[in-house]
Amino acid sequence: MKSARFSKYFIPTLREDPKEAEIPSHKLMIRSGMIRKLASGIYEFLPLGWRVVKKIENIIRRRMDEIDGQELFMSALQPRELWDRSGRWDLYGPELFRLQDRQERDFCLGPTHEEVVTSLVASDIKSYKSLPVLLYQFQMKFRDEIRPRFGVMRAREFYMKDAYSFDSDEEGCLKSYRDNVVAYIRIFKDCGLNFIKVEAATGNIGGSSSHEFMVPAGTGEDEIACCSCGYGANTELSSYARPETPDEKETSADEKNLEKVNTPGKKTVEEVASFLNRKPEKFIKTLICETSEGPAAILIRGDHELNLSLAASRLGNIELAGEERVKELTGASAGFAGPSGLKGKVSIIAADRAVTEIKNGVSGANENDFHLVNINYSRDYEADIVGDFRTALPGDLCPVCGKPMEFKRGIEIGHTFLLGEKYSESMGATFTDAGGTEKNMMMGCYGIGVTRIAAAAIEQSHDKEGIIWPVSIAPFHLHIIQISDSVSEFCSSLFEKLSEKYEVLLDDRRESPGIKFKDALLIGCPIIIVVGKKFTGEGKLEIQCRHTGRTELTDPDNIEEKLREIIEI
RNA sequence: CGGGGUGUGGCUCAGUUUGGCUAGAGCGCUGCGUUCGGGACGCAGAGGCCGCCGGUUCAAAUCCGGCCACCCCGACCA
């Protein structure tokens with residue numbers, strides 16, 4: 001990409017933190033003039049920010065092409081008909097941006113492209129001879145997020161690379177999946193990121209296997225459990241071994257009499273807990289859901305969360321019941337369900353082990369505005385299945401090696417899904433194999449949040465002055481500070497010379513030196529070259545490394561050699 | 001969607017409680033001059049339908065009602 005002169009380049013830096021920004025990357029992206037907000041969750045990328053996006057894009061492109069990916073460009077605007085075929089027009093929910101044309105035909109702005117790409121391949125690939133194929137694109141994605149947050153980190157319009165693999169058999173599909181995972185590891189390394197790969201939930205996309213690539217950061221929105229042995233998973237679905245520490249000292253001898261108490265309008269655990277003055281860990285949450293075996297109740301301790309994936313592994317496909325269904329089954333509105341007296345009303349009662357250890361607990365009474373206190377396992381209720389149903393917690397052990405797991409927060413920058421036949425089946429993506437039989441293609445899909453990588457990189461690498469870019473995705477390699485007009489001629493020739501090899505930003509503005517230094521640190525290019533007093537006095541250039549903060553003096557004649565030593569491009 | 005908060009020049013904010021003169025500050029912007037190594041200084045300027053609509057009043061940024069936008073917390077948690 002081209003070098004630029006600051007005086008002619010659109011970089012509106014800000015001295016103060018914008019009030020809407022909370023986390024470092026959001027503040028710094030706005031302050032450094034990378035992005036501006038147009039509306040909630042919708043951002044414009046200014047030249048500086050777009051350069052970073054393009055750098056990341058090119059890294060991804062190179063690595064995708066390496067595994068024989070073929071770049072294409074699909075449409076952001078998609079007809080409803082396609083989404084009806086996969087069933088997702090109804091399933092996707094309010095997150096899907098929907099609109100109509102003048103004929104009142106339904107469309108959506110694509111949040112992802114499984115339908116489009118599958119229908120494309122379905123209509124034009126018919127033979128095993130054309131498989132496998134890996135297609136990818138860079139595209140704006142639209143999701144009407146429930147709460148846009150943290151700048152481009154969780155935006156309603158964002159730039160993404162998405163790839164889709166089509167194979168003729170499972171073996172090939174697994175190979176494609178592995179190829180993409182390998183490419184992802186290369187991509188994130190190339191971007192200079194620390195990251196970990198973890199097992200993940202498949203959510204709205206579906207499929208059988210899935211991994212997320214996470215950049216560890218305190219400001220991340222996901223929680224991950226990981227182990228030094230290499231196991232890692234989103235806590236949404238992490239499995240675990242419980243440590244052998246029964247934390248209840250009470251025994252059945254301490255059991256008190258069951259009581260029904262009036263709890264008018266108190267529905268949540270928190271509300272009832274403070275109303276009755278009992279700790280949430282004494283509560284039993286009764287989650288009503290539908291399974292392939294019929295309606296089920298899952299019991300979770302008040303301060304724990306249901307792990308859908310663990311539950312699904314014991315109960316098959318499960319879906320939480322709606323308000324109406326809860327009333328129908330328990331006789332009370334949501335918030336007042338409880339295990340006592342539920343037998344017979346649901347097909348299965350499943351309890352997390354921690355629930356069965358609660359002595360003199362609290363649960364709903366299956367009657368509006370009433371809860372039961374001093375409820376005890378086996379005396380007052382029983383479960384058909386007792387096992388692990390909650391999400392992982394600090395203290396839990398690695399399911400692979402048994403060592404304590406580490407819990408941290410992370411930013412999801414990439415996600416891979418092994419889809420199998422989910423979309424090829426519904427969209428009719430079939431091919432004829434060598435034996436002449438028609439079969440569904442086996443698919444995988446692979447996403448990378450391009451704009452989110454920029455934010456994650458900043459989250460991971462900044463100081464109080466500004467951004468510290470990894471060389472590979474920095475908007476410019478070198479930032480020359482021309483301290484005063486008296487050295488402008490020299491700076492121009494230095495700029496021309498270095499631009500042959502590097503991308504250079506020359507700060508030739510007629511501003512005071514302080515402003516230029518501050519802006520250089522804020523923008524965060526890896527190398528800052530100062531042409532000022534040391535040059536007019538001793539004929540030396542100062543080379544400042546943004547990462548280490550160290551400054552070295554060098555002769556102008558040796559500058560290129562010096563740069564080769566400290567920056568690798 | 002529930003709760004809380006904020007909307008005043010490009011940015012950050014004061015003024016609103018207790019209505020009253022021409023609506024303020026710092027930064028930024030323009031011009032001139034002095035400066036020129038870590039967000040300089042002087043002088044002179046430009047820039048605001050105080051979020052929008054309606055109401056109360058002699059008088060509204062300020063009080064009342066409605067709406068909108070933005071931010072924070074929460075949200076299949078039974």
Side-chain angles (χ1 to χ4, degrees), chain A residues 12-23 26-27 30-31 33 36-42 93-94 144 146-151 203 236 263 266-273 280 283-290 296-308 311 318-339 342 346 362-368 371 389-391 465-466 481-488 507 509-522 528 530-537 542 544 549 551:
Chain A
T13 59
L14 258 32
R15 182 197 295 253
E16 288 170 273
D17 281 339
K19 63 173 171 183
E20 78 249 27
E22 287 253 301
I23 62 169
H26 189 193
K27 289 178 182 172
I30 293 176
R31 281 192 56 207
R36 284 293 183 265
K37 185 179 73 180
L38 186 61
S40 177
I42 303 177
D144 194 358
I146 192 163
R147 182 137 91 91
R149 223 193 299 216
F150 302 151
E236 279 172 24
T263 50
K266 310 291 180 203
K267 303 180 90 168
T268 65
V269 167
E270 210 166 89
E271 281 166 5
V272 185
F283 280 67
I284 302 169
K285 288 197 284 203
T286 307
L287 282 64
I288 307 296
C289 51
E290 302 287 355
I298 305 176
L299 312 180
I300 301 289
R301 209 170 83 177
D303 57 329
H304 291 166
E305 310 232 347
L306 172 67
N307 181 328
L308 270 173
I318 64 169
E319 201 174 314
L320 283 139
E323 177 88 8
E324 277 309 303
R325 187 73 171 134
V326 172
K327 209 170 275 180
E328 196 181 312
L329 290 164
T330 68
S333 29
F336 300 103
L342 209 52
V346 295
V362 182
S363 79
N366 296 323
E367 186 179 336
N368 278 356
H371 278 79
F389 292 99
R390 62 159 171 81
T391 56
E465 293 294 340
I481 296 182
Q482 170 184 311
I483 290 288
S484 74
D485 282 353
S486 63
V487 293
S488 68
D507 194 346
R509 294 175 299 170
R510 310 191 67 166
E511 293 287 356
S512 70
I515 289 178
K516 296 185 173 188
F517 280 113
K518 287 288 186 186
D519 273 346
L521 295 171
L522 177 61
I528 298 166
V530 185
V531 185
K533 229 176 216 157
K534 290 279 185 338
F535 178 73
T536 47
E542 285 169 68
Q544 224 179 87
T551 297

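We name chains A, B, ... by the order of the sequence lines, and we start the count at 1 in each one.
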Rounded distance in Å between the C1' positions of rG48(B) and rG24(B):
11 Å
Looking at every strand, decide which applies to Asp519(A) at a 4.0 Å heavy-atom threshold: base, sugar-phosphate, or nothing.
base
Answer with base, sugar-phosphate or nothing: what part of the nucleic acid does Gln544(A) contact at a heavy-atom distance below 4.0 Å?
base
Under 4.0 Å, counting only non-hydrogen atoms across every strand here, what does Arg149(A) touch: a base, just sugar-phosphate, or nothing?
sugar-phosphate
Any donor-acceptor N/O pair, Lys285(A) side chain to Leu306(A) backbone, under 3.5 Å
no
Rounded to the nearest 0.5 angstrom, the CD1-CZ distance for Ile483(A) and Phe517(A) is 4.0 Å
Taking rU6(B) as the reference, what is the distance to rC13(B) when you measure between their C1' atoms (whole Å, please)?
12 Å
Please report the distance separating the P of rG2(B) from the corresponding atom of rC77(B), rounded so that it comes out in whole Å.
16 Å
Rounded to whole angstroms, how far apart are CZ on Arg509(A) and C1' on rC29(B)?
14 Å
Specify the residue among Ala21(A) and Phe336(A) whose closest nucleotide of RNA chain B lies further upstream toward the 5′ end.
Ala21(A)
Applying the Watson-Crick and G-U wobble criteria at under 3.5 Å, what pairs with rG45(B)? Answer none if nothing qualifies.
rC29(B)
At under 4.0 Å between heavy atoms, what does Ile146(A) touch on the DNA or RNA strands: base, sugar-phosphate, or nothing?
base
Checking all strands, does Leu306(A) fall into the base, sugar-phosphate, or nothing category for heavy-atom contacts under 4.0 angstrom?
nothing
How is Lys534(A) classified with respect to the nucleic acid when contacts are heavy atoms under 4.0 Å: base, sugar-phosphate, or nothing?
base
For a quick check of understanding: with a heavy-atom distance under 4.0 Å over all strands, which category does Ser40(A) fall into, base, sugar-phosphate or nothing?
sugar-phosphate
What contact category does Gly364(A) fall into here, base, sugar-phosphate, or nothing, at under 4.0 angstrom with non-hydrogen atoms?
nothing
With heavy atoms under 4.0 Å as the rule, sort Leu308(A) into base, sugar-phosphate or nothing.
base
Check if the side chain of Glu542(A) and the base of rG37(B) share a donor-acceptor pair of N or O atoms closer than 3.5 Å.
yes
Under a 3.5 Å distance rule, please check whether Arg301(A) uses its side chain to pair with a backbone N or O of Ile284(A) as donor and acceptor.
no
If each of Ser484(A) and Ile288(A) is mapped to the nucleotide of RNA chain B with the nearest heavy atom, which maps nearer the 5' terminus, i.e. the 5' end?
Ser484(A)
Both distances under 3.5 Å, Watson-Crick or G-U wobble: report the partner of rC63(B), or none.
rG55(B)
Between rC63(B) and rU16(B), how far is it from one C1' atom to the other, in whole Å?
10 Å
Which part of the nucleic acid, if any, lies within reach of Val326(A) when heavy atoms closer than 4.0 Å are counted: base, sugar-phosphate only, or nothing?
base
Residue matched to rC50(B) through Watson-Crick or wobble contacts both under 3.5 angstrom:
none
Name the nucleic acid region contacted by Pro18(A), choosing base, sugar-phosphate or nothing; use a 4.0 angstrom heavy-atom cut-off, strictly under.
sugar-phosphate
What does the list of N/O pairs under 3.5 Å between the protein and nucleotides 40-48 of chain B look like, with a distance for each?
none

C1' gap between rG15(B) and rU8(B), integer Å:
9 Å
In whole Å, what is the span from the CG atom of Leu299(A) to the P atom of rC77(B)?
16 Å
Considering only atom C1', compute the distance from rU62(B) to rU57(B) and round it to an integer number of Å.
13 Å
Could you tell me whether the phosphate oxygens of rC77(B), OP1 or OP2, come under 4.0 Å of any side-chain nitrogen or oxygen in Lys285(A)?
no
Taking any strand in view, what nucleotide pairs with rA40(B) in a Watson-Crick or G-U wobble way, both distances under 3.5 Å?
rU34(B)
Describe the nucleic acid contact of Arg510(A) in one word from base, sugar-phosphate, nothing, applying a heavy-atom distance below 4.0 Å.
nothing
Within the structure shown, what part of the strands sits under 4.0 Å from Glu20(A) by heavy-atom distance: base, sugar-phosphate, or nothing?
sugar-phosphate
